[in-house]
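A short worksheet on the structure shown next.
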Amino acid sequence: MISGRCAACKYLRRRCPSDCIFSPYFSPSDPRRFACVHRIYGASNVGKMLQQLPPHLRAQAADTLCFEAQCRMQDPVYGCVGLISQLHEEIHMAESQLAKIQAEITFLNCTAPEAQGLQIIEANSNLNSLLPEQITTVGLYPQ
């Protein structure tokens with residue numbers, strides 16, 4: 001047990017027993033963590049959930065309960081599902097942008113040799129229309 005009472009026992013204004021189910025997961029240095037979880041789930045329900053789990057999964061469960069409770073307080077209707085939906089939408093938009101950019105790259109790679117050939121032909125036709133004295137002023141031939 002952490003020295004003194006855990007955040008849960010302080011919040012509930014009771015003495016913290018040596019086998020307190022909350023003390024390993026709700027330290028006295030972060031009382032808001034338990035207050036948030038208690039407000040959404042209730043101390044009795046959280047205690048029952050933690051006791052039903054194997055000890056090696058309890059810390060992760062406490063973290064998850066805390067995260068879900070914080071999300072529920074920020075968005076009472078959707079909670080963490082709203083955040084998950086928003087992130088899923090952002091992933092979908094990023095994947096769509098990536099597919100569009102990959103298609104543009106593929107298109108440009110397919111048309112690049114043709115475009116380079118056209119540029120060379122256009123440059124040659126422009127040079128052919130110049131008179132010899134104009135070519136020297138353009139800088140293609142040294143004077």
Side-chain angles (χ1 to χ4, degrees), residues 1-130 134-143:
M1 183 179 98
I2 300 171
S3 63
R5 294 184 297 170
C6 67
C9 292
K10 280 184 180 180
Y11 186 87
L12 299 171
R13 296 182 180 167
R14 65 180 193 188
R15 100 179 158 75
C16 192
S18 61
D19 63 342
C20 179
I21 190 72
F22 301 114
S23 64
Y25 317 110
F26 299 100
S27 82
S29 63
D30 190 6
R32 284 186 270 156
R33 179 176 156 98
F34 180 77
C36 183
V37 171
H38 177 265
R39 191 172 296 134
I40 300 299
Y41 298 107
S44 177
N45 290 330
V46 173
K48 287 176 190 175
M49 284 188 256
L50 291 175
Q51 285 176 342
Q52 291 175 355
L53 291 171
H56 70 277
L57 294 177
R58 290 178 183 170
Q60 185 177 2
D63 291 341
T64 302
L65 288 170
C66 182
F67 175 74
E68 289 180 2
Q70 288 172 346
C71 288
R72 183 62 64 178
M73 288 179 69
Q74 290 175 356
D75 185 354
V77 176
Y78 294 108
C80 66
V81 174
L83 180 60
I84 292 169
S85 297
Q86 178 186 0
L87 293 173
H88 183 71
E89 178 80 18
E90 288 179 21
I91 290 170
H92 179 70
M93 288 174 52
E95 287 174 341
S96 297
Q97 283 181 328
L98 177 63
K100 181 181 174 184
I101 290 170
Q102 286 175 334
E104 287 177 11
I105 290 170
T106 302
F107 175 76
L108 291 174
N109 284 339
C110 290
T111 60
E114 295 169 7
Q116 287 174 351
L118 288 175
Q119 288 173 352
I120 291 170
I121 292 170
E122 287 176 5
N124 286 340
S125 66
N126 288 341
L127 287 176
N128 291 338
S129 65
L130 295 175
Q134 291 174 318
I135 292 174
T136 57
T137 59
V138 172
L140 297 175
Y141 298 115
Q143 293 181 350

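Note that the structure is a prediction, hence the values are computed from the model and not measured.
From Ile91, atom CD1 reaches atom CG of Leu98 across 13.0 Å, with rounding to the nearest 0.5 Å. The OH atom of Tyr41 sits 8.5 Å away from atom SG of Cys36, with the distance rounded to the nearest 0.5 Å. For the atom pair CZ (Phe26) and SG (Cys16), the distance works out to 12.0 Å, reported to the nearest 0.5 Å. Note that CD of Gln60 and CG of Leu53 are 9.5 Å apart. Values are rounded to the nearest 0.5 Å. Interatomic distance, Asp30 CG to Cys66 SG, rounded to the nearest 0.5 Å: 7.0 Å. Rounding to the nearest 0.5 angstrom, the gap separating the CD atom in Gln70 from the CD atom in Gln74 is 7.0 Å.
Residues Ala43 and Phe22 come closest through the heavy atom pair O-CZ, 3.4 Å. The two residues Arg15 and Arg5 make their nearest non-hydrogen contact at CA-CD, 4.2 Å. Scanning both residues, Cys80 and Phe67, for their nearest heavy atoms gives CB-CE2, 4.1 Å. Closest heavy-atom contact between Ile40 and Met73: CD1-CG, 3.8 Å. Taking every heavy atom of both residues into account, Cys20 and Cys6 meet most closely at SG-SG, 3.8 Å.
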_side-chain contact (heavy atoms from CB on, under 4.5 Å) evaluation trace for Val46 with His38_ = CA-CA 8 Å; Val46 173; His38 177 265; over 6 Å; no
*Taking it one step at a time, do Ile21 and Met49 satisfy side-chain contact (heavy atoms from CB on, under 4.5 Å)?*
CA-CA 10 Å; Ile21 190 72; Met49 284 188 256; over 6 Å; no
_Working for side-chain contact (heavy atoms from CB on, under 4.5 Å), residues Leu65 and Tyr25_ = CA-CA 11 Å; Leu65 288 170; Tyr25 317 110; over 6 Å; no
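A search for side-chain contact (heavy atoms from CB on, under 4.5 Å) contacts involving Glu90 returns Gln86, Leu87, not counting sequence neighbours.
Here the side chains of Arg33 and Asp63 are in contact, with some heavy-atom distance below 4.5 Å.
Side-chain atoms of Arg58 come within 3.5 Å of backbone N or O of Leu50 as a donor-acceptor pair.
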